[in-house]
Colleague: 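Below is the structure I would like to discuss, written out as structure tokens.
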Amino acid sequence: MKLLLAIVNNEDGNLVMRELNKAGFSVTKMASTGGFLRAGNTTLLVGTEEEEVQKAVDIIAKHSMKRMQVMFTPEPFIGALGNDLSSFPEEIETGGATIFVVDVERFEKI
């Protein structure tokens, strides 16, 4: 048995979960926060047999959209008051999915 941990954009979380459910996968949804953008994510936990892993990964990939987002990055600025931080807008690509597939040593449903 395998456990998939799929981290997807909040905007895609419900759609990805719904499509996995339609395909027969049981999914647990958890709210999470990313470290880079400090933005909300959805982490989906999917337990499945090894032969079904690629099917689940394909569904997640199909419904996890990449998008461009403007982010304000602080950059050092030397001004009249000394060192300061100034923000500059930068467009970056976000979205998609990060998927971990791990072996499950033991599984019980009680």
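Source: prediction; values computed, not measured.
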Colleague: Could you give the distance from CG (Leu20) to NZ (Lys55), rounded to the nearest 0.5 Å?
Modeller: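 So the gap between those two atoms works out to 10.0 Å.
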Colleague: Provide the closest heavy-atom pair for Ser64 versus Ala97 in the form atom of the first, atom of the second, distance.
Modeller: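 So the two residues come closest at OG-CB, 3.7 Å.
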Colleague: Under a 4.5 Å side-chain heavy-atom rule over Ile, Leu, Val, Met, Phe, Trp and Tyr, are Phe107 and Phe25 clustered together?
Modeller: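 No; Phe25 is not reachable from Phe107 via cluster members.
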Colleague: Can you check whether Glu50 reaches Asp103 side chain to side chain, under 4.5 Å on heavy atoms?
Modeller: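 Result no, sub-4.5 Å side-chain heavy-atom pair not found.
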Colleague: Only one of Val8, Asn41, Thr42 passes side chain to side chain contact (heavy atoms under 4.5 Å, CB included) with Ser32; say which it is.
Modeller: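 Going through Val8, Asn41, Thr42 one by one, the side chain to side chain contact (heavy atoms under 4.5 Å, CB included) with Ser32 is satisfied by Asn41 alone.
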Colleague: Treating Ile, Leu, Val, Met, Phe, Trp and Tyr as nodes and any side-chain heavy-atom pair under 4.5 angstrom as an edge, say whether Ile7 and Leu45 lie in one connected cluster.
Modeller: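 Yes; tracing contacts between hydrophobic side chains, which count when under 4.5 Å, links both residues.
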Colleague: Show the nearest heavy-atom pair for residues Arg106 and Val104, with the distance to one decimal.
Modeller: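 In this case the closest contact between Arg106 and Val104 is O-CG1, 3.2 Å.
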Colleague: Verify the cluster assignment for Leu5 and Met30: are they in a single hydrophobic cluster under the rule of side-chain heavy atoms below 4.5 Å apart?
Modeller: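 Hydrophobic grouping puts Leu5 with Met30.
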Colleague: Give, for atom OG1 of Thr43 and atom CG of Asn10, the distance between the pair rounded to the nearest 0.5 Å.
Modeller: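 Here the rounded value is 9.0 Å.
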Colleague: Any heavy-atom pair between the side chains of Leu4 and Leu44 that's under 4.5 Å?
Modeller: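 No, every pair of side-chain atoms sits at 4.5 Å or beyond.
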Colleague: Looking at every heavy atom in both Asn14 and Lys29, which two are closest together, and how far apart are they?
Modeller: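 Of all heavy-atom pairs spanning Asn14 and Lys29, the closest is OD1-NZ, 2.6 Å.
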Colleague: State yes or no: do Val53 and Val102 share one hydrophobic cluster built from I, L, V, M, F, W and Y residues joined by side-chain heavy-atom distances below 4.5 Å, directly or via other members?
Modeller: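 Different hydrophobic clusters.
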Colleague: Check whether any side-chain heavy atom of Val57 sits under 4.5 Å from a side-chain heavy atom of Gln54, and report yes or no.
Modeller: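 Side chain of Val57 against side chain of Gln54, heavy atoms only: contact under 4.5 Å found.
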Colleague: Starting at CD of Glu11, measure out to CE of Met65 and round the result to the nearest 0.5 Å.
Modeller: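 It is 11.0 Å, given to the nearest 0.5 Å.
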Colleague: May I ask you to test the Lys2-Glu49 pair for a side-chain heavy-atom distance under 4.5 Å?
Modeller: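 SC-SC contact between Lys2 and Glu49 ruled out.
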Colleague: What about Val101 and Ile59, same hydrophobic cluster or not, with Ile/Leu/Val/Met/Phe/Trp/Tyr joined at side-chain heavy-atom distances under 4.5 Å?
Modeller: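 Yes.
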Colleague: How long is the straight-line distance from CE of Met17 back to OG of Ser26, given to the nearest 0.5 Å?
Modeller: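 The distance works out to 9.5 Å.
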